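All remarks here apply to the structure that follows.
Computed over heavy atoms, backbone and side chain alike; hydrogens, waters and symmetry mates excluded. What you see is a predicted model; the values in this text were computed from it and never measured.
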Amino acid sequence: MEVGQVVKGKVVEILKFGANVELEDGEKAFVHISKIAPTYVKAVSDHLSVGQEVEGKIVGKTRDGKWELTLKDASANSSEGKSEEKKVNNDFEKKLAKFMKDSDRKLSEYRRRLDKKRGKKERR
C-alpha cells in the first residue's frame, strides 16, 4: 500500500476522536474525526458505526504504524459534498473580503483621528 491509494475496510472501533478500521488485507488503519466528512463532525458515531464498510484514501502512517485514512476524498457522494463545500467556501470568502475591507476602512479612520489629535498633517 502507498499514500494516495483508495482502500476498503470495516470499522472495528469508534473512538472519541476518530475510528479504527481493519483494511481488506488485515492491516490496521485510523480515521481522525477531522477526516470523516467534509462538514464539521461533532460525534464520530453520527457518521460511522462498528461493522460499517468504508472506502478511504491513504494519507500517511500514524506514530503507532497504522495507516491513516481520509474518508472525505474517497466517498461516493463526494461530488455532492464538494459542491456544497465549495458554496460554503465561497460564502466564507465573501464574508472575509467584506470584513477585511471594513477593517481597513475603520483602521484608516482611526489613524486619521489619532493624527488629528496629535497635530500631525494628514496622511495620503
State whether the side chain of Lys72 and the backbone N or O of Lys57 hold a donor-acceptor pair below 3.5 Å, judged by distance alone.
no

Counting C-beta onward and ignoring hydrogens, is there a side-chain heavy-atom pair between [X] and [Y] closer than 4.5 Å?
X      : Y      : result
Asn20  : Lys66  : yes
Ile14  : Val50  : yes
Lys117 : Arg113 : no
Val21  : Leu48  : no
Lys98  : Lys95  : no

If hydrophobic clusters are built from ILVMFWY residues whose side chains come within less than 4.5 Å, do Val11 and Phe30 share one?
no

State, to 0.1 Å, how close [X] and [Y] come at their nearest heavy-atom pair, and which atoms those are.
X     : Y     : value
Val31 : Lys35 : CG1-O, 3.9 Å
Val41 : His47 : CG1-CD2, 3.5 Å
Glu22 : Val12 : CB-CG1, 3.8 Å
Ala19 : Val44 : CB-CG1, 4.3 Å

Does Lys61 have more than 12 heavy atoms from other residues, nucleotides or ligands lying within 6.0 Å of its NZ?
yes

Of the options Ile36, Leu23, Val59, which is the one that meets Leu69 in a side-chain contact (heavy atoms from CB on, under 4.5 Å)?
Leu23

Hey, could you give me the CG/CE distance between Asp102 and Met100, rounded to the nearest 0.5 Å?
10.5 Å

CD-CG distance between Glu109 and Leu107, expressed to the nearest 0.5 angstrom:
10.0 Å

Does Lys28 qualify as a cation-pi partner of Trp67, given the criterion of NZ or CZ under 6.0 Å from the six-membered ring centre and within 45 degrees of its axis?
no

Step by step, would you call Asp115 with Arg111 a salt bridge (Lys or Arg N to Asp or Glu O under 4.0 Å)?
CA-CA 6 Å; Asp115 288 348; Arg111 285 182 179 148; over 6 Å; no

